[in-house]
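A short worksheet on the structure shown next.
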Amino acid sequence: MEIPKAYEPKTAEEKHYRRWELAGCFAPEINENRDAPKYSIVIPPPNVTGSLHMGHALQHTLMDVLTRRKRMQGFRTLWLPGTDHASISVQRKVVELLRKEEGKTPHDIGREEFLKRAWAWKEKYGSTITDQMRREGASVDWSRQRFTMDESLSKAVREVFVRLYEEGWIYRGKRIVNWCPVDKTVISDAEVKDETRKDGKLTYLQYPVKNSDRKITVATTRPETMLGDTAVAVNPTDERYQDLIGKTIELPLTGREIPIVADEYVDAEFGTGAVKITPAHDPNDYEVGLRHNLPQLVIMNEDATMNENTPADFVGLDRFVARKLVVERFEELGLLEKNEDYEVTLPTCERCKNIIEPLLSEQWFCKMDEMRDLALNLMREEKSPQFYPEVPNEKVYTVWLENLKDWTISRQLWWGHPIPAWYDENGNAFVARSFEEAAEKAGTSDLKQDADSLDTWFSSALWAFSTFGWDGEITETEDLNAFLPTDVLVTGRDIIFLWVSRMVMTTLKFVGKKPFDDVLITGTVLGKDGKPMSKRLNNGVDPLDMFDKFGVDATRIYLASIATGADIRWNDQQIETFRNFANKIWNASRFCLLNSDGARVDYYFLNPQAEVAEIKNLIGDELTDDFDEEDEEYLDKIDPEFAKDNPKENLSIADRWIISRLNRTAIEVNRALDRYFYHEAVSRLYHFFWNDFCDWYIELVKDEITSEEPNIWRDAARSRIITVLEQALRLLHPFMPFLTEELWQMLPETGSNLHNPAYEGAEKTIMLADFPMGDANLIDERAESEMQAVIELISKARNIRAEMNIKPSERVSLLVAANGDSQRVFAENESQILKLARANDLRLTEKLEAPRQSARAALSGSAELAIPLEGLIDFAKEIERVEKELAKLNTEAQRLNAQLTNENFVSRAPQEKVEEIRARVVDIEQRTKTLNQTLEALD
RNA sequence: GCUCAGUUAGCUCAGUUGGUAGAGCACACGCUUCACACGCGUGGGGUCACUGGUUCGAGUCCAGUACUGAGCACCA
């Protein structure tokens, strides 16, 4: 077999995905077990405008690891993919394309034509991200792929809108909203992001009082809005302004006269104690305006230029230009009191980052009270959904719900779900599932549909059940029954409000079920500079570049190695670690494969007792006369006399040790993944594979399996190592699907017989192999401690060699003093010890008898090691080495003794603990004694 | 302003019932050891931000301080 020396990720990556997909491995239908428990995840739908970024790669990896493991465990597993229509993003792309290619605006071509272009755009570019998901190895069921504007999902949107309207939760009203002048649409509170700027100004403007030489000073961060002022307010108790309440102000620049009103809202302590009131451009002013019956004067256009309600020389000016001009004019009039630096917090549009303009506007709103309570009750009564990590996410979620305000759901966009409302010529609204229904309600067909569309998050809110076929008319489907609630939602913390909470609310209301059990909130992958990746900072890392450079598997397992929920600063060196790990797996497998003649993958090599039990179960406990020929080959397996000569049942300490380590690892990996502790699972696998399997097990059995002589003992050893490897590959598969599949296919005698019973008929693939759960009965504490002693002996010998500068080619002798039991262990592993310590003989005695010219080391269990170094020993150096060791022991002894002489410790600490410390002190004393003798001998 | 999180080896980070401080990388020394130099062996390196408290015992629990970050509120 020709196997390249270095792992080439591309080769494996190109080979397997399509095969898996064609074989139907991703669909739940592959599972042949009728009674299999289900496991389901619905993907957070990426935007059709998006291309894969590190956040996706992270989330997809985490979802795929869970999905692949559960699938291997025999669950009926579904990971449902899909995409989101992303109305603002697509709209912006299409507008831009239109401008560039044809120099036209959307209004030039009209709504219908615009939507055609938008669909075309979606068809052309909308699958970028789903193609990239194939590259990631994401085992999603493409046959169930959804898009938020699919007919069935759109129908669900209309249905939900109509029902909420009919129940009075959705209404149309005039309110101050967040207006994005660049996207030219309203956005919801949740889509506004506050940004603090230090270069703001607080401008103090003087307003002359009519028929008086008094002026009243107001402060503002947005001077241009004074053009829309319809009052000045002061606190009713403010003595400074008592005589001015009820007077009139001649508003400069406008020629308008406005009243001075008294309102509790004004804080007398802040600024000048007088506030300009602009009801149409500020939410607080709006409220004040309502209380005092003030006019609502809108002074801006939808692109945030000044409108015809402003003086002629302002009309058409951008808001920021107008701002400067207002200040200039006030200065000219001598009415500018001051203009001081001020730190301001500006509302910005989450999507386009431009500054939001609060604006009076008529929109559709959704009152959340009822659905909010459903969600809060679910949390209170069932503590659901369960957040991971629970702190701080559960609180963030709950507090947000408690303070929830009405949701602005209309958008001035064409791309999206049209609002199912029609107006007659008098402007009466008819909300209906279709035009026909609306016409019936209105009693006329002379209706015009609402020009706006719905917030993209409105359809996303239904994603948990609309993806399973719920459309309002159809409310039960096989998938809905089978897969809802899903097991876990994996997503980022930025959309807990925008999405997670809303799915909980709508699913409870419309399906009467919770959408998911768990919510796993991932951290943010930051750039190398520790800041969130962004185009502006140019600190982004493209996952596809990482795939090319380090391989998909290395990238995946690196992403999984990040502690759950923690932010991570991107670092190429970390991913390189896992690229090297992939190569290590490749080469260890290569070694096993190069020595695999006569070997086969057979789990019973790792658990012969299970085979014996199975055979006994098969043929009965007693060997009766009707024992037929066919059974004879089993004889050696159940008869202790024969078993002696059966290599399958004669396990060395090293064999029992690696089997124990393997099972311990499997148990820990499963335990960790059950708690979404991916990083712990990765760490366990990494160290099991690299340290236990490669550094020790391969080295310990190397001679045996590379022996030239083919015989049953060698073949058994080969089968054992290759079976351990195969188990390790299964454990690694959810993290590194391509590498493990590539290698697994090369192993001798792998087939669908290794599959989980649920997939017996399927084409052979590791992704359907039974996931090892680990068997606690195969954890062998004794083998582990015995092997630990062997490892310690070898390590100490190597340490002496390195510190004494003994050439690798120089063979040494090992003199070891140990008790009977330890001697047996060392003797059993003599050849391995000699090889790995580069020694040519090992002498085991009760008491150490070593020449003066020896280097020595104390081992655990009162054992001692000496290496005679006649002519080689550097006494000064050896003294130094031993003293260093003694110093270490001394520090520890002091600390432990301090504890033991502390009466409080001895009397109050658990007896167990005290005994443990005592035992350690004894051990340290023993070692110290040994080393002191060594020093004496050296003097 | 309120709330929360973080502060552990040069770097990036683990450390869940309080009981000998860990990993990877980097660093030093030595290796053509027949799977792997994307490697092998050995080693050095930390008063776990600071102050106080609880405890026989604190990286771990409590209070406070400093710095970093996030969310919410305010923002005339």
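Just so it is clear: chains get the letters A, B, ... in the order the sequence lines come, proteins before strands, and each one is counted from 1.
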Checklist outcome for this item: In 5'-to-3' order, the base (B), backbone-only (S) or no-contact (-) status of each nucleotide in nucleotides 22-31 of chain B, using a 4.0 angstrom heavy-atom cut-off, is -SBS------
Short N/O separations, protein against nucleotides 6-8 of chain B, under 3.5 angstrom:
none

Listed pairs, N/O of protein and of nucleotides 71-74 of chain B, under 3.5 Å:
residue : atom : partner : partner atom : Å
B/G71   : OP1  : A/K193  : NZ           : 2.8

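RNA chain B is contacted by both A/V906 and A/D695; A/D695 maps to the nucleotide lying nearer its 5′ end (nearest heavy atom per residue). Of the two residues near RNA chain B, A/Y7 and A/G273, the one whose nearest nucleotide lies more 5' is A/Y7.
Among the protein residues, A/A588 comes within range of the nucleic acid bases, having at least one heavy atom under 4.0 Å from a base atom.
With sequence neighbours excluded, no residue satisfies ring-ring contact (aromatic ring centres under 6.0 Å, His included) with A/F591.
Closest to the side chain of A/A6, out of B/C38, B/G41, B/G19, is B/C38. The side chain of A/C694 sits closest to B/A35 out of B/G15, B/G44, B/A35. Proximity note for A/F905 (side chain, C-beta onward) versus B/C36, B/G19, B/A14: the nearest is B/G19. Nearest nucleotide to the A/P910 side chain, out of B/C40, B/G19, B/A35: B/G19.
B/C75 atom C1' lies 18 Å from atom NE2 of A/H281, rounded to whole Å. Atom CG of A/L559 and atom C1' of B/C13 are 15 Å apart (whole Å). Rounding to whole angstrom units, CZ of residue A/R798 and C1' of B/C40 are separated by 9 Å. Counting to the nearest Å, the P atom of B/A70 and the NZ atom of A/K395 are 19 Å from each other. A/W570 has its CH2 atom 14 Å from the C1' atom of B/C13, to the nearest Å.
Using a 30° and 60° split on the angle between ring planes, A/W570 and A/Y558 fall in the perpendicular class, above 60°. The aromatic rings of A/F581 and A/Y686 lie tilted to each other, with the angle between the two planes from 30° to 60°.
Atom name P, nucleotides B/G15 and B/C61: the rounded distance is 12 Å, in whole Å. B/U17 sits 15 Å from B/G59 when the P atoms are compared, rounded to a whole Å. Of the P atoms belonging to B/A49 and B/G6, the separation is 12 Å, rounded to the nearest Å. Spacing between B/A26 and B/G10 at atom C1', rounded to whole Å, works out to 7 Å. To the nearest whole angstrom, the two C1' atoms, one in B/U7 and one in B/G41, are 36 Å apart. Comparing the C1' positions of B/A21 and B/G45 gives a spacing of 13 Å, expressed to the nearest Å.
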Item to check | Pair A/T740-A/W744, side chain to side chain contact (heavy atoms under 4.5 Å, CB included): steps then yes or no | outcome: CA-CA 6 Å; A/T740 49; A/W744 194 81; 5.7 Å; no
Item to check | Check against salt bridge (Lys or Arg N to Asp or Glu O under 4.0 Å), A/R675 and A/E680 | outcome: CA-CA 10 Å; A/R675 300 187 301 162; A/E680 192 183 323; 3.6 Å; yes
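A donor-acceptor contact under 3.5 angstrom links the side-chain atoms of A/K584 to the base of B/C36.
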Checklist entry - Given Watson-Crick or G-U pairs with both distances under 3.5 Å, what dot-bracket string fits RNA chain B, with | for other-strand pairs and [ ] for crossing? => result ((((((((.[[[[.)...(..]]]].(((((.......))))).....[[[[[..)....]]]]])))))))....
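Distances shown here put every side-chain N or O of A/K835 at or beyond 4.0 Å from the OP1 or OP2 atom of B/U33. Taking only side-chain nitrogens and oxygens, A/R569 comes nearer than 4.0 Å to OP1 or OP2 of B/U12.
Under 3.5 Å, the side chains of A/Y204 and A/E340 contain a donor-acceptor pair of N or O atoms. Checked by atom type, the side-chain pair A/K549/A/T555 shows no donor-acceptor distance below 3.5 Å.
Closest heavy-atom contact between A/S596 and A/P748: CB-CG, 4.2 Å.
For A/R718 (side chain) and A/D597 (main-chain N/O), a donor-acceptor pair under 3.5 Å exists by modelled atom type.
Here the two rings, on A/F387 and A/Y397, have centers that are under 6.0 Å apart.
Against RNA chain B, the stretch residues 221-234 of chain A makes heavy-atom approaches under 4.0 Å through A/T221.
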